[in-house]
Structure formats: C-alpha cells, structure tokens
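To start, the structure under review is shown below, and the notes come after it.
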Amino acid sequence: MQNKSIDTSEVKFFERIQSLVNSEPVVLSKNLTRICAVDATYSDKDRKVVAAAALYDNGVLSETSVYSGRFTFPYHTGLFFLHEGPFVVAAVNKLKVKPQLACFDAQGLAHPRSKGLATICGMVLEIPSIGIAKTALIGKALQYKDGLDKLNYKGRHVGFITLDSAKKKLFWSPGYSISLEQLERTIALHQEICLNASREAHRLSKIEILRVKTKPNLH
DNA sequence: GCGACAG
DNA sequence: ATCTTGTCGC
C-alpha cells in the first residue's frame, strides 16, 4: 500500500542515484556547540507538511525555524529522503545561524544503500549530520557497552543503539561527514542535547501544522 | 520464495 | 507518519 504510487522504474532509478551519491566530507568541529535537530509532521489527507528545526547553542535553545509546504513524492521505504528531505532541508536553511551538527529523525549509515535521509540531507546542507531513528530499518544489535549496543548489518558496524528516558530504543547512525568514532563521542558528550533538540523540533512541527490546517488559505 | 520495511 | 475512541494500566 505504501509504495503503490511509485512506478517500479522510478524506484530503481532513484535507488541507483542514491547508491552513487558520494561527496567530500567537511570536518566536524572540534568545539561542537551549535547542534540542531529537525523533524516534520504531515497531514496526509491534504498533503501538507511542516518541518521545524530547533538549534541549541551550548545546550540552550537559541533559535527555531519552520517551513510549511505540500509534498508530492510519496513515502517509500529506503527512499524516505525524497519524501521528507526537501522540507527538513528548507527548515534548516531558514535558521540564521548555521549549525555545526544536524540531527534527523531517520537513518544515516544504517540503511540498505548506506545513505539514508540523514546522510543525503547533511550533504545537501554541507553540515555534518547524524540519524536518530525510533526503529531500525536494517541490522541487529550487538552488546557493546553498558547502555550502548552496536548495530550491525552484514558484518558491518553501522550505528549504535541507546535507550531514551522512557527506555525506548533509539538507533543512531552516522550521516554526512561523521565517522562511527565521532558519532560515539557525540553520543557520549551531547546525547541529551541531541534528544532535547529532536523533541523540540517534533513538538514545533506538530504545533505548526495545526495552525496551517486551521488557515487553509495560507497554504 | 516470503516477509519486513526510517517517517 | 497519519486516520481515530475508548480503554487498559501504572
């Protein structure tokens, strides 16, 4: 049901392009203070989408942005970036201050073609990025450290698994211009900021779509 | 071959 | 994710 609106040749075509994506990474800042998260909320009935970004500076919310639009490309597993990417990228671009790290509610490396939305969007933005997903798309858990599992796929380490404050699993994977080692360090040092920013972005996009739905003429 | 499948 | 009411449980 979810992929009936995409032609099989379209799927193959976009998957191929995704596989070929490759770009020189920028460098993750040594002094990481500006971290943003971005999320989107949908109204499937009228195809409206609102993306919201929340920027934290030194652990404090410093700026937010919202982008409202209407989606055309449907959700299709593995091609999520085509569905949501344009909107979350637009929201991050509306921030006046450029983040040093962007967190996406999606996969990065932990993807069948190693390049989920977090990877693609970080590359488009030229901002180092990570994916923090609530469920896994691929891979299995391997015990690693206390409170930190590794996510493995086809014998490869592709990410980490943590538990949030409600003890629900979170699947972290490197996005653009970030190594697994840098991701592990980021989790150790900035996990709470990343999750606070994600919650704030989620909350804002939810609030904003209600406003958009109440005023149909504004979009 | 069949099922699963980020949001 | 969204569409949706009441309901079960800590």
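So you know, we letter chains A, B, ... as the sequences are listed, proteins then strands, and number each from 1.
- Distance, Q107(A) CD to dA4(B) P: 18 Å, rounded to whole Å.
- With rounding to whole Å, L137(A) atom CG is found 19 Å from dG3(B) atom P.
- When the side-chain nitrogen and oxygen atoms of Y75(A) are compared with OP1 and OP2 of dA6(B), one or more of them lie within a distance under 4.0 Å.
- Note on K48(A) versus E208(A): no salt bridge recorded, every NZ/NE/NH1/NH2 to OD/OE distance being 4.0 Å or above.
- The residue A133(A) sits close only to the backbone: its heavy atoms come under 4.0 Å of sugar-phosphate atoms, none of a base.
- Spacing between atom NE2 of H83(A) and atom P of dT2(C) amounts to 10 Å, rounded to whole angstrom units.
- The existence of a salt bridge linking E63(A) and K96(A) is excluded, since no basic side-chain nitrogen approaches an acidic carboxylate oxygen closer than 4.0 Å.
- At whole-Å resolution of the value, OH in Y153(A) and C1' in dA6(B) are 14 Å apart.
- At a threshold of 4.0 angstrom between heavy atoms, the contacts of G131(A) with the nucleic acid are absent.
- Within the 4.0 angstrom heavy-atom criterion, only backbone atoms of the sugar-phosphate kind lie near Y42(A); the bases stay farther away.
- If you take CG on L151(A) and NE2 on H157(A), they are separated by 7.5 Å, rounding to the nearest 0.5 Å.
- Within 6.0 Å of atom CD in E126(A), 12 or fewer heavy atoms from other residues, nucleotides or ligands are found, so the atom counts as exposed in its surroundings.
- Taking atom CD of residue E15(A) and atom P of nucleotide dC5(B), one finds them 17 Å apart after rounding to whole Å.
- For K134(A) and dG7(B), the shortest distance from a side-chain N or O to OP1 or OP2 is below 4.0 Å.
- Between the C1' atom of dC5(B) and the CG atom of L117(A) lies a distance of 16 Å, rounded to the nearest Å.
- Here dA6(B) presents its C1' atom at 17 Å from NZ of K115(A), a figure rounded to the nearest Å.
- Note that K94(A) lies outside the cation-pi zone of Y67(A), set by a 6.0 Å cut-off to the ring centre and a 45° limit from the axis.
- Contacts of A136(A) with the nucleic acid, taken as non-hydrogen atoms under 4.0 Å apart, involve only primed sugar atoms and P, OP1 or OP2.
- For the pair T77(A) and dA6(B), the criterion of a side-chain N or O lying under 4.0 Å from OP1 or OP2 is met.
- Heavy atoms of I132(A) sit nowhere under 4.0 angstrom from any nucleic acid atom.
- Residue side chain H111(A) reaches the base of dA6(B) through a donor-acceptor N/O pair under 3.5 Å, judged by distance alone.
- Residue contacts for I138(A): at a heavy-atom cut-off of 4.0 Å it reaches no nucleic acid atom on any strand shown.
- An OP1 or OP2 oxygen of dG7(B) is reached within less than 4.0 angstrom by no side-chain nitrogen or oxygen of K206(A).
- Whole-Å rounding puts the K48(A) NZ to dA1(C) C1' distance at 17 Å.
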